[in-house]
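Written out below as structure tokens is the structure these notes cover.
Order of the sequence lines sets the chain letters (A, B, ...), proteins ahead of strands, with each chain counted from 1. Small disclaimer: the values here were computed from a predicted structure and weren't measured.
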4 protein chains.
Amino acid sequence: MNITLEKAERAIQAAQKKAVEMDVKMNIAIVDSGVNLVAFAKMDGAWLGSIDISIKKAKTARYFDMPSGEIGKISQPGKSLFNIEHTNGGLVTFPGGIPIENEDGHIVGAIGVSGSTVEDDHAVAEAGMKAV
Amino acid sequence: MNITLEKAERAIQAAQKKAVEMDVKMNIAIVDSGVNLVAFAKMDGAWLGSIDISIKKAKTARYFDMPSGEIGKISQPGKSLFNIEHTNGGLVTFPGGIPIENEDGHIVGAIGVSGSTVEDDHAVAEAGMKAV
Amino acid sequence: MNITLEKAERAIQAAQKKAVEMDVKMNIAIVDSGVNLVAFAKMDGAWLGSIDISIKKAKTARYFDMPSGEIGKISQPGKSLFNIEHTNGGLVTFPGGIPIENEDGHIVGAIGVSGSTVEDDHAVAEAGMKAV
Amino acid sequence: MNITLEKAERAIQAAQKKAVEMDVKMNIAIVDSGVNLVAFAKMDGAWLGSIDISIKKAKTARYFDMPSGEIGKISQPGKSLFNIEHTNGGLVTFPGGIPIENEDGHIVGAIGVSGSTVEDDHAVAEAGMKAV
């Protein structure tokens, strides 16, 4: 089971709406259950460096079926997954990536958001995730 | 001057409409004048391998400000740009990538399409480009 | 829908059996419908360089939902997909990669085989594919 | 001296059996003495991001002929091998990778396991290693 383009675009629109409300400029990426890119949007003026980060956040969330920030808690120096970021072509382990489930609770993809603080990024990703 | 997200999404929608008319499933990517990804959509069922190709076609078209297929004519064995595909993290030099100009004739980005024959890809890219 | 490990291992075993019959030493890789590695086996004495090739053949077959060798016919100099091999982290476009379908005709993954002539590689891949 | 495919598959089966007992879903990779992939299995439902990690753990264990977690102890900030993870195409230096010796004490390869906590990963890798 995979997220459709229609639902991916709905998630991006909901995320964009939240970003406008919060007055932030975001890059928003959606990957499917196989960790392949489905949809992407860069809001005008959003950081260029956040394009790649938003995609990697979405991938990280699906790679491990949990919010990207959860990985970051245990990838710190001295913690159990230190430097896991070197795997899978580059992970992003701070908040802003969230898995997306369908109504049956199956993970069908993930959303990744980057462009502001990690708290803002996570809030916008959550708005997108909830719209699916 | 750069393509806005609004115009990029208009190009993607026009390209998708054309793809539906032609009964093909496409991946469609838009980059800005700085060769950075602005918007992307993978139509349901489109080839997974065409995600990367559509993005690389858009980049190739903006890297050299000409349709990607024009580069391909001179990247053949014995021609002047043989194997230029090795550069810039991987170019795609067959048709399907087209620069996008604004009303003043300035290049503001490019569109890349992949998912069918190169003729189909180019036709869908042209439909997207003309919508801007 | 995705190939299970059980079916992937059945495909590898059937491919290995065929390889023994043909007196060749093969690397055999299976990817799922999202182009992620599911199972792999390197027969003793098989070429080391064929490890990566077998994985890339399986990926190529799923990336475009056709045998890898079909892509190779049109990636030659002067043909429409010249140098497509530079995309998706490296494609292999000679025979030996074949998509795997389930009983409903949905593609659930792909098999890639490398270690002998491309004809041998394809024959062994076909034996594996048919066992699923 | 190199691990055979037969022994590699025995290690994978023993690791899978242990994983089932522990009720975890693992990716399991075996490399030979030349740090080349010999066998791999992804248990149904195991994390997609752990495919690459399991392979990198096996490689890390053979690259330095010690459990991957031993490297992690001295790759921390301020320690002698800080950020060694950048080398060799990406190392994984937390537990789950273990060298495999033959009956004479010669290292013939390594096993890497990923899919749960690092303690679980190491326990499953040890079960696989001991089966050879």
Using a plain distance cut of 3.5 Å, could you tabulate donor-acceptor pairs between chain D and chain A?
unit_1, atom_1, unit_2, atom_2, d
D:W47, NE1, A:F64, O, 3.1
D:L48, N, A:Y63, O, 3.3
D:G49, N, A:Y63, O, 3.0
D:G49, O, A:N88, ND2, 2.8
D:D52, OD2, A:N88, N, 2.6
D:Q76, OE1, A:G78, N, 2.5
D:N83, OD1, A:N83, ND2, 2.9
D:E85, OE1, A:N83, ND2, 2.8

Heavy-atom closest contact (D:P77 atom, A:F82 atom, distance): CD-CZ, 3.9 Å
Taking side-chain contact (heavy atoms from CB on, under 4.5 Å) as the definition, give me every residue that meets it alongside A:V118, ordered by chain and number, with sequence neighbours left out.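 side-chain contact (heavy atoms from CB on, under 4.5 Å) list for A:V118, sorted by chain: A:F94, A:P95.
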Measure distances from A:I74 to the heavy atoms of chain D and classify the residue's part below 4.5 Å as side chain, backbone, both or neither.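 Neither the backbone nor the side chain of A:I74 comes within 4.5 Å of chain D.
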